[in-house]
Amino acid sequence: MEQYLQESIRQALTEIGLNEDQIPDIQIEKPRDPSHGDAATNVAMQLAKPLRSNPRKIAEQLVDELDLDPARIKSTEIAGPGFINFRFAEDYIYNELAQIIEKGDEFGKSDGNAGIKALVEFVSANPTGPLTVGHGRNAVLGDTVARLLEWTGADVQREYYFNNAGRQMRLLGQSVQARYLQELGKDADFPEDGYEGEYITDIAKDLVQELGDSLADESVEKRFKEKAETAIFEDIQQTLKRLNIEMDSFFNEQTLYDNGAIDETIKTFREKEMAYDEDGAVWFKTTKFGKDQDTVLVKSTGEPTYRLPDIAYHANKLDRGFNLCLDVFGADHIDTYPDVVNGIEVLGYNSEKVEVLVYQFVTLVKDGKPYKMSTRKANFVTLDELMDDVGEDVTRFFFLMRSPNTHLEFDVARAKEAGEKNPVFYLQYAHARIQSILRKVSSMADFSEQPDLSVLTHTSEISLIKKLLDFPDAVALAAAHREPHRLITYLNELASDFTSFYHDCRIIGEPENLMHARMVLAQATARVLANGLTILGISAPDRM
RNA sequence: GCGCCCGUAGCUCAACUGGAUAGAGCAACUGCCUUCUAAGCAGUAGGUUUCAGGUUCAAGUCCUGACGGGCGUACCA
């Protein structure tokens, strides 16, 4: 429809005598106020200045020349400062409604991102502890954006990047070792800055159970580290599964050392004179890109900082043929992004394919006060604990309902008591209600014939149908912005429109033709709710 | 100090690429269950969109500055 209007307007403008260069990008928008019609354009106002004319006058000329199919557009009017408002023809609306049933679980899909081969990298937490509420936003956001991309035609791979080497992991191994020795009743110093969580003790206990004291003389923490990594990764995978997230691949940073990518990167940097040695370290000339300081790539100890593998990793992604590499980052990692972009440019890649989705921090509120979480200090709330309390659906919904760009305030107490009042239930309830009606109505008559939808004339019915037809646009918009909360806003409006219909119009007990038409409308609504919830990774129950 | 993000109703937040009268939920108040699920509906009240300028047909949205908050600014990840 949007495309149809754009083309028609373009043609009309040509008739008026404008040439290609003078015609602006024709914007079609849905007016906020329904009395302004179903679609509107501001093109006349945009043209007012270059044509040195009154926008309303331009609009009049344009409308005169406009040749629209009455089967699609019922009326065209000029309003306000020069908006042109269009109203859809009823036949068009009924036809589109029938299409929803026909398309079923495909309805809402579009192809705006067709041809895009996307790698969405998210979670990417190192295996030092269970996933916490802080990781939850990353995980759910990444997975849902991946789903949105899929619904708009992209080919998507979900990847988890991790590093099982380095200081953090060494510390983890030492922590387990200390707990292990303590379990055996031996004297062992717990490392300074070690991981204090109870899960460390659990892992140590497992080791005692399995191997007794055979590791007591083990001088290196390697065994302990490996055991911890395996156990923690199992736990993380389990949590992700519960969250309805399935990774396609796990990428170990170590790969980049083993295949020579790290050395290759440094070599190229040196050749391009973007890296130099000083104080025993290797530096990246980030000042060339406007940063205050150059950045260390390899420490004087010979150990690379995380930026070097980050750059090599992104080059690796692009080598694998992805034309969209979407990274989901918390706000604290935002500074690494420019280095990665600049780094891969140095390596000769097109950095436009790399995109970062930054989300603001989750502020955990406990007892009315902000609560600082730290994996190391073990004062965190795990995702599993959260899901135990409020359920998987609520957990996903909670992380998605706000714009990634704003701080998410997470009041633990409130989330726990969220129960019945939680907004996710509003959507699920609407779906369950419809299913209940459909169960009852299905046996009441023979609905095998095509219904006459034109009996749906009540304002509640018309608004609901129009809202249903917006679904593909809502999905596409959320995908384009990488903002799932836009879809939630839409689904809330849809559920609200359905409930109005539910209260204004009965289905059971009406004459058969009307009952049939309304049944189809209810079916279509359930379909769209279910499809929307599927994108969010949330269940659409038939009963509540 | 410098960089990024944010500031909208009592609270938590929406508002498309700058569009027409800034919207929801929670909390408050008033009604509504002998009819398809009241986890619901209808209504009332609540706003100088932090402040001051600027850009233009049009600014919550863009620009400049101030104030307030978050994050970063490591040879930590």
Side-chain angles (χ1 to χ4, degrees), chain A residues 25 27 29-33 35-36 40-42 44-46 48-49 54-55 79-83 85 124-126 128 163 166-169 193 278-283 290-293 295-307 309-310 330-338 358-361 363 370 401-409 411 414 419-426 428-430 432-441 444 473-474 477-478 480-481 483 485-486 488-489 492-493 495-496 499-500 502-510 515 518-519 522 543-544:
Chain A
D25 216 20
Q27 299 172 20
E29 55 179 36
K30 189 183 150 72
R32 221 183 313 208
D33 184 343
S35 72
H36 292 141
T41 182
N42 59 353
M45 287 179 286
Q46 288 181 304
K49 190 147 198 193
N54 180 322
F83 288 100
N85 298 335
S124 296
N126 285 337
T128 58
N163 168 19
R167 201 183 90 96
Q168 276 190 2
M169 292 300 290
D193 292 342
E278 195 174 293
D279 300 333
V282 184
W283 298 73
K291 277 187 58 161
D292 288 348
Q293 297 170 343
T295 306
V296 172
L297 290 175
V298 183
K299 301 185 234 173
S300 51
T301 60
E303 214 175 357
T305 64
Y306 68 97
R307 280 168 209 255
D310 259 6
D332 56 339
H333 285 224
I334 183 62
D335 271 7
T336 79
Y337 175 63
V358 176
Y359 61 91
Q360 297 300 314
F361 262 51
T363 329
M401 64 191 291
R402 300 277 131 84
S403 158
N405 220 355
T406 84
H407 295 274
L408 177 63
E409 186 166 299
D411 189 322
R414 194 177 287 180
E420 300 194 342
K421 281 177 182 164
N422 198 292
V424 67
F425 293 127
Y426 186 67
Q428 295 182 319
Y429 183 63
R433 235 182 192 176
I434 295 170
Q435 294 305 335
S436 169
I437 296 169
L438 293 177
R439 280 193 295 273
K440 286 184 180 152
V441 81
M444 300 181 89
D473 284 345
L477 192 70
H481 288 260
E483 289 180 342
H485 78 279
R486 290 171 188 270
I488 290 184
T489 305
N492 273 321
E493 288 167 5
S496 173
T499 333
S500 301
Y502 174 83
H503 281 271
D504 293 343
C505 306
R506 291 191 58 79
I507 297 175
I508 292 169
E510 296 292 337
M515 179 159 64
R518 284 180 175 169
M519 185 187 92
R543 288 188 170 81
M544 281 177 78

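What's counted below: heavy atoms across the whole structure, side chains too, no hydrogens, waters or symmetry copies. Chain A is the first sequence line, chain B the second, and so forth, proteins listed ahead of strands; every chain is numbered from 1.
For B:rC75, the base has no donor-acceptor partner in the side chain of A:T301 [N/O atoms by modelled type, under 3.5 angstrom]. Residue side chain A:N85 reaches the base of B:rA20 through a donor-acceptor N/O pair under 3.5 Å, judged by distance alone. Side-chain N/O atoms of A:D332 and base N/O atoms of B:rG72 include no donor-acceptor pair closer than 3.5 Å. Remark: the A:Y429 side chain and the B:rA39 base include no donor-acceptor N/O pair separated by less than 3.5 Å.
Here the separation of B:rC26 from B:rG69, taken at their C1' atoms, is 23 Å to the nearest Å. Nucleotides B:rU50 and B:rG68 are separated by 16 Å at their P atoms, to the nearest Å. With both ends at atom C1', the span from B:rA20 to B:rA38 equals 37 Å, rounded to whole Å. Between B:rU48 and B:rU73, the distance separating the two P atoms is 39 Å to the nearest Å. B:rC63 sits 39 Å from B:rA27 when the C1' atoms are compared, rounded to a whole Å. Nucleotides B:rC62 and B:rC6 have their P atoms positioned 8 Å apart, rounded to a whole Å. Rounded to the nearest Å, the gap between the C1' atom of B:rG23 and that of B:rC16 is 15 Å.
In this view, A:H481 and A:R486 satisfy the side chain to side chain donor-acceptor pair (under 3.5 Å) rule, not counting sequence neighbours.
The two residues A:L438 and A:A522 have their closest heavy-atom pair at CD2-CB, 4.5 Å.
Closest contact between the side chain of A:E29 and the listed nucleotides B:rU12, B:rA15, B:rG19 involves B:rG19. If you check B:rC2, B:rC36, B:rA74 against the side chain of A:D292, the one that comes closest is B:rC2. Looking at the side chain of A:K299, the nearest of the listed nucleotides B:rG19, B:rC76, B:rG40 is B:rC76. Of all nucleotides listed (B:rC75, B:rA20, B:rC36), B:rC75 comes nearest to the side chain of A:V296. For A:N405, the listed nucleotide lying nearest its side chain is B:rC6; candidates were B:rC6, B:rA42, B:rA20. If you check B:rC36, B:rC76, B:rG72 against the side chain of A:T305, the one that comes closest is B:rC76. Listed nucleotides B:rC13, B:rG19, B:rA20 differ in distance to A:Q46; the shortest reach to its side chain belongs to B:rG19.
In this structure, A:S300 reaches the bases: a heavy-atom distance under 4.0 Å links it to at least one base atom across the strands shown. Contact annotation for A:A522: no contact, since no heavy-atom pair falls under 4.0 Å across all strands. Within 4.0 Å (heavy atoms only), A:A48 reaches no atom of the nucleic acid at all. Among the heavy atoms of the strands lying under 4.0 Å from A:Y426 are primed sugar atoms or P, OP1, OP2 only; no base atom is included.
With centroids closer than 5.5 Å and planes inclined by less than 30 degrees as the test, A:H36 and the base of B:rA20 pass as a stacked pair. B:rA20 has A:F83 stacked on its base ring, the centres lying under 5.5 angstrom apart and the planes within 30 degrees of parallel.
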5'-to-3' dot-bracket of RNA chain B (Watson-Crick, G-U; under 3.5 angstrom; crossing pairs as [ ]; | other strand): (((((((..((((.....[...)))).(((((.......))))).....(((((..]....))))))))))))....
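Between the side chains of A:D33 and A:S35, at least one donor-acceptor pair of N or O atoms lies under 3.5 Å.
Look at B:rC33: its glycosidic torsion is within 90° of 0, and that puts it in the syn range.
Put simply, A:T489 has no side-chain N or O that comes within less than 4.0 Å of OP1 or OP2 on B:rC16.
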